[in-house]
Amino acid sequence: MNLDFDDDALGFMEEVRAFVRSNLDPGTREKVLLGHLPDRVERTIWQRALVARGWGAPAWPVEHGGPGWSVVERYLFDEVLSEEGAPMPPVFGMSMLAPVLMRYGTPQQINELLPRILNIDDWWCQGFSEPNAGSDLAAVRTCARLEGDEWVINGQKIWTTLAHQADRIFCLVRTEDAPKKQEGLSILLVSMDAPGITVKPIITIDGAHEVNEVFFDDVRIPAGDIVGQAGKGWDYAKYLLGHERTGIARVGQSKREIGRLKTLAAAVVRGGRPLRDDPVFSARIASLEIELRALELTTLRMVSALHAGAPPGSEANILKIRGSELQQDIAEAIMDAWGPEAFGPAFVGDGLETSPAVATAMTYFNLRKVSIYGGSNEIQRNILARSLMGL
Amino acid sequence: MNLDFDDDALGFMEEVRAFVRSNLDPGTREKVLLGHLPDRVERTIWQRALVARGWGAPAWPVEHGGPGWSVVERYLFDEVLSEEGAPMPPVFGMSMLAPVLMRYGTPQQINELLPRILNIDDWWCQGFSEPNAGSDLAAVRTCARLEGDEWVINGQKIWTTLAHQADRIFCLVRTEDAPKKQEGLSILLVSMDAPGITVKPIITIDGAHEVNEVFFDDVRIPAGDIVGQAGKGWDYAKYLLGHERTGIARVGQSKREIGRLKTLAAAVVRGGRPLRDDPVFSARIASLEIELRALELTTLRMVSALHAGAPPGSEANILKIRGSELQQDIAEAIMDAWGPEAFGPAFVGDGLETSPAVATAMTYFNLRKVSIYGGSNEIQRNILARSLMGL
Amino acid sequence: MDFRLTDTQTLIAETANALVGQHLQAVRGGGALQASQTTSALWPQLGELGLLGAEIDEADGGSGGTFEDLAVILQALGRGGGAGAFGPVVVTAAALVSRLGDAAQKAALLPAVVEGAKRVVLAHHDTTDQGADDVATTAIPASGGWKLEGRKAMVFAGDSADVFVVSAHTAKGLTLFLVPATAEGLSIRSMELYDGTGAADLELNDCFVPADARLGAEGDAGDAVAWALDRANAAFANEAIGLMAELCDMTSEYLKTREQFGQPIGKFQVLQHRMVDMRINLELARSMAILAAVAVSDPDGRRRSRDVSAARAAIGKASRVVGQAAIQLHGAIALTQEYPAGSFVKRLTLIERSYGDTRWHLERFAKLADPAVVLIP
Amino acid sequence: MDFRLTDTQTLIAETANALVGQHLQAVRGGGALQASQTTSALWPQLGELGLLGAEIDEADGGSGGTFEDLAVILQALGRGGGAGAFGPVVVTAAALVSRLGDAAQKAALLPAVVEGAKRVVLAHHDTTDQGADDVATTAIPASGGWKLEGRKAMVFAGDSADVFVVSAHTAKGLTLFLVPATAEGLSIRSMELYDGTGAADLELNDCFVPADARLGAEGDAGDAVAWALDRANAAFANEAIGLMAELCDMTSEYLKTREQFGQPIGKFQVLQHRMVDMRINLELARSMAILAAVAVSDPDGRRRSRDVSAARAAIGKASRVVGQAAIQLHGAIALTQEYPAGSFVKRLTLIERSYGDTRWHLERFAKLADPAVVLIP
């Protein structure tokens, strides 16, 4: 076995790193490193720089503008971008909707929508969760009925990330009554400026406006703005959510954050001594670093297996569980390293600007979401139990 | 509030402590402190010393030979005995069967059996668990049918503690078929020398012979050797298991063991320094000590409430869960403090004698049982969930 | 041994719980509940009902009660989302004035604190390293008084204080001074903390206070400050119990009413057991909060600090378990400002890291613990 | 980057797993399975099949493979209940002879080790404090050789050794000597350890060995011993994976078959999730065992030790989780000698505390880790 990357891979990483360092706007990078959300303009500028380099859609096939990379190269690209503080790619359009369209969309949808996703001409958001359909996603009640050549949509979505800056939304809606709740669902493609749509912000406890409620009141869209066949939405949704899992452990991001933790522990004084000189805290850092190494190697084993053509297995659930727990544990250690300073002053200036210390508390609270969203860790363990024990 | 004991209580404790120190055989004490089981002779000698002092059955009413103590005195008595390394009282007879007999037994049973329990003329064991009735106790299949003036018993019990040195066994058996499995059960009183009984030892991973299988093959006992009414065994079993819960947290024993841990950590050298000078190990000791203090105070709150006449609530489940977890955590820390020495030599001499170090490893493995028996901690949590959430 | 509340404490508990309960009902419809709001909104009533003066001597306008009376109030305020300035003003600074003040100082401050008309707070730590016990702030004799020089960081409730109890070194050692918020040479940078409570950074530049501003003997404040900080920590311990108790109730209720997969999510065994672990942590933590409340009156300072740190370490650990489980069991809703759970967890999280975090208290306990096991007290 | 087994390794794995599997099937009916028994019973076959010589040079009768070949065997033996003497003899001591021995020493020992005819083991630690790196045993020049004086504690597999590699200080520093079990002045106290494997305490009183018994240069053995101990630790890491994998399978199977309350207990969500956590721990530990196996060949000794300690710390923690959960999920049956789980857990428990426990490895990792974050290797 060989755990080292070969020269090609190392060269590739250096090329990516150099590109990020000379092309990423320092202000945007700063925002990402503080755990704040870059705005749409900043993300678009960065995305278009990647597109210009031919790296705009790492996982897409070459015919749609992908770079033709291997699984390993895609993984390394994600890692370097995370380590360097680049904004995340526009995940809903690029990594969720696009693969579904490529497989189930009409030629017209593919030709029209994909380039707009790539360039962020369209910012897509995802309309899946509802107040009574969280972990139990198939319980969605938002419905659409066909009236002539239009779908008429009524209902409500919730936890819709960045709906307030999105151009379009893909929605899981009920288009037929069916005996099983997984049947009769469809995925519709809706413009956010369609009459009858109302977006209501949800402010989270980190003070951020990231998620929203989206209300549909007799919203009308063309009958053709549907993915694949009506009634098959559940299959498409599963395909969409199952896609692109190797980045799920967030190894690059955690690596960056452990670097931050170590730097901080060397600088900060607690109880009259540098925090790093407290053997208990130093053991805590060491444990986190070792856990991250185990997670990284486990991810690489999975990447390596996919590269060799193995089908994706239950490893993705393991990576999701441990990756999210580790993100949270590291964030907690960083907040602890700051001590009371992580809590104040809450805001400097008029807006949501904060000190770097307080940003770590906000990140700690923000990251509570990673064990809840995308299938809570309880759901992930249920899935693993089924696949491991067959019960 | 006042967390200190008053002078009467302190005087009482000193009186008990002095009695133990001058009456407990040093060899017996040594065995208990090493985590080994004293034999029946040693336990009987100790029990009779207590009886002679009038302390043989702390929880019994005065008319049956109890000392007439308050809940608080009973608690303190147990604690001091545990701290001092006295053998546990013969729990199955004294704390389980006797209270049931006092409430549901015939006058003849009460008059004949209680004094024999008190003096360990009869050593009782408990025949409840079966191979397919562990957590699901009501699933017992051992059955007894009335033939003339005799019960004829067939079936098998398992995990029967000290059956091999017992004179008698109280058994939960099925005496009628009933629609609900909790119905049709009875508690029978059986002599271990009755023809048809076979005891087969189970050797546990700590090398000890403490538990057994007990087989019943057409075992005949007089029809009158039943507790209360036939068919009501489940109610009696619940009453029997619900009795006397304040000692369940094993605070005295854990206190004694933390004392041992601290002494050891000061003496033992690991990685070239005294173990106690490792801040990580010292933090571990401190955490255990604090957890014990929280457990002790919580127990005292419960004792105090019972003393004031409050009905026993769900606190006992909490004490069982945290008490067992803490016993296990302390045992693990002690084993860790010994390092590799805890594993060898396994035996010195011919028998089961071991070094004090190895005794700690045996204790660690032996104590895995405390989160399993008497209703596993999972069952305890189920019960708590029901009572807390009413679901 | 007696764990019962006195009749007075029962009355105080009923009064405080009713007050908090009414307030919560009034605001629940109105959206976001910040930890700060309950106690600051209720401050006038706390004064009217005599709760601010529960422990202060009758001669100074109070009820002459005990710390345990305060503990009852702190738990009630915790249930309302946090005790805000109650700990800093009533438990910590007013107690220092009671302990060290001369007749004039007491008369000037304590009746006003009892009424809710004035707030006095302790400004001790120069930096946010609240586990450190060194103070660089100095006081130099000046004609008719003292000149103070230095800074104080993150003074809890300092944003709304009328008077600060400032610690500073004179030639003789650590000394306390009463410094009005309006003193010349004192600049106050008020701030809102992340849990919505207030604090302030102070700068003392050539800040003059008259001779009668000295609180207690010169050079002799070390013990009193340690005592006051133990009190502050015992207050945090009891406030945290209230916060955790409310989080447990909130979570139980949510598990019973929230439905997914056609049943209340509380039917899922994994969620049940996690809820049970929250309760177990709460009950054991509650015992330690009692210990802390009793310990602050211990004449043996070493034992007092040991017990307070034991309580804070235990409750700190419990706070993490309870806070994180409360969020996870609720799911996304707990992460919104609309829903109160998040605000409670924020306050718990701040408390756990203030005046020594769990690690610091654990280490202090280890240093102060008996070399052999502690037998029943 | 390549995680695939070589064809040779696949073959070795199949051979070793088949051997262990057959043996287990043969003994399962017969009751108690002690960790020691599988490997000691299979020793002759391990020799016949070439597995004892997997890594030893072809010139010395072996197959000239790599440590990763050994790792595959160790995992298989772990699945059988423990690798017993395989680590001490094959991975640790034979490798020292290969590395340092002269032609005569190699010829005398290695082919015999490969065949299973002789056992050589390392006797390094004077006491059971296996995290210490000081040795008080001495070697003084005597006519035609050396006199050794001192003691060695808990030498793993020392009960069945033919030759000991003894570390001792000469005037020039730490030096290794080949000491036959029959040497005069060497007394061996054999012992059975609690997991059923064997060990020995040695006393060297005026113990003479000839000049050609010195293994490697005088005073220069420190690096080689550190290397050998890292190998021993990497062996423990891989053996532990086998033990944990078998415990996971055993527990899954039990959950599927054991019924209570009218259904397999594996239907209970709490037990399911605890089983899942066992698997998660196993999978992450497995990655770290790979790291350890690769790291032992790292020419950079600091990085080698860092990675080995990282693996041991991670696997130690996983061992506790897996071992304790395996017992709890089984219930009482796991605590009997009849059922194999207990024996597996005993072996895991001993491994975790041998040659440095989890705490010791964590501390060593912290010392050796880069001050900044380790980027992708």
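No hydrogens, no waters, no symmetry mates; every other heavy atom, side chains included, goes into these values. Quick note on labels: first sequence line is chain A, next is B, and so on, each numbered from 1.
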>> For D:Leu362, which atoms come within 4.5 Å of any heavy atom of chain B: side chain, backbone, both, or neither?
In response: neither

>> What part of D:Ala334 gets within 4.5 angstrom of chain B, counting heavy atoms only: side chain, backbone, both, or neither?
In response: backbone

> Shortest non-hydrogen contact from D:Gln260 to B:Gly134?
Replying inline: OE1-N, 2.9 Å

>> For chain B, which candidate among D:Ala132, D:Gly131, D:Ala332 shows the most heavy-atom pairs at distances under 4.5 Å?
In response: D:Ala332

>> Could you tell me if the side chain of D:Arg353 sits less than 4.5 Å from the side chain of B:Asp336, heavy atoms only?
In response: yes

> Could you go step by step and tell me if B:Phe365 and D:Lys346 meet the side chain to side chain contact (heavy atoms under 4.5 Å, CB included) rule?
Replying inline: CA-CA 8 Å; B:Phe365 283 104; D:Lys346 274 189 193 172; 3.7 Å; yes

> Once you round to the nearest 0.5 Å, how far does CG of D:Leu335 lie from CD1 of B:Ile203?
Replying inline: 13.5 Å

>> If I measure from the heavy atoms of chain D, does B:Arg381 come under 4.5 Å with its side chain, its backbone, both, or neither?
In response: neither

>> Please classify the contact between B:Asn382 and chain D as side chain, backbone, both or neither, with a heavy-atom cut-off of under 4.5 Å.
In response: neither

>> For D:Glu363, is there an ion pair with B:Arg273 - N to carboxylate O distance below 4.0 angstrom?
In response: yes

>> Please rank B:Ser135, B:Ala139, B:Pro131 by heavy-atom pairs under 4.5 Å with chain D and give me the top one.
In response: B:Ser135

> Which bit of B:Ala361 comes within less than 4.5 Å of chain D, counting heavy atoms only: side chain, backbone, both or neither?
Replying inline: both

> Would D:Gln324 and B:Glu332 count as a side chain to side chain contact (heavy atoms under 4.5 Å, CB included) if you check the C-alpha gap in whole Å, the side-chain angles of each, and the deciding distance to 0.1 Å?
Replying inline: CA-CA 11 Å; D:Gln324 293 177 357; B:Glu332 187 170 37; 3.0 Å; yes

> With only heavy atoms counted, which part of B:Tyr373 is less than 4.5 Å from chain D, the side chain, the backbone, both or neither?
Replying inline: neither

>> Within the structure provided, determine whether B:Ile205 and D:Val345 are in side-chain contact (heavy-atom separation under 4.5 Å).
In response: no

> Measuring from B:Ile379:CD1 to D:Phe261:CZ, what's the distance to the nearest 0.5 Å?
Replying inline: 4.0 Å

>> If you define the side chain from C-beta out and look only at heavy atoms, does anything of B:Trp338 sit under 4.5 Å from D:Thr128?
In response: no

>> What's the separation between atom CD1 in D:Ile333 and atom CD1 in B:Ile158, rounded to the nearest 0.5 Å?
In response: 6.0 Å

> Under a 4.5 Å heavy-atom cut-off, does chain D meet the side chain of B:Ile202, its backbone, both or neither?
Replying inline: side chain

> In terms of heavy-atom pairs under 4.5 Å, which option from D:Arg258, D:Gln130, D:Arg274, D:Arg320 contacts chain B the most?
Replying inline: D:Arg320

> So which of D:Thr349, D:Asp133, D:Ile327 has the biggest tally of heavy-atom pairs under 4.5 Å with chain B?
Replying inline: D:Thr349

> Any side-chain heavy atom of D:His125 within less than 4.5 Å of one from B:Pro340?
Replying inline: no

> For B:Arg368 and D:Gln328, which heavy atoms make the closest approach, and how far apart are they?
Replying inline: O-OE1, 4.4 Å

> When rounded to the nearest 0.5 angstrom, what distance separates OG1 in B:Thr204 from CD in D:Glu338?
Replying inline: 12.0 Å

>> How long is the straight-line distance from CZ of B:Phe343 back to CD1 of D:Ile351, given to the nearest 0.5 Å?
In response: 10.5 Å

>> Is B:Ala133 in contact with chain D via its backbone, its side chain, both, or neither, using a 4.5 Å heavy-atom distance?
In response: backbone

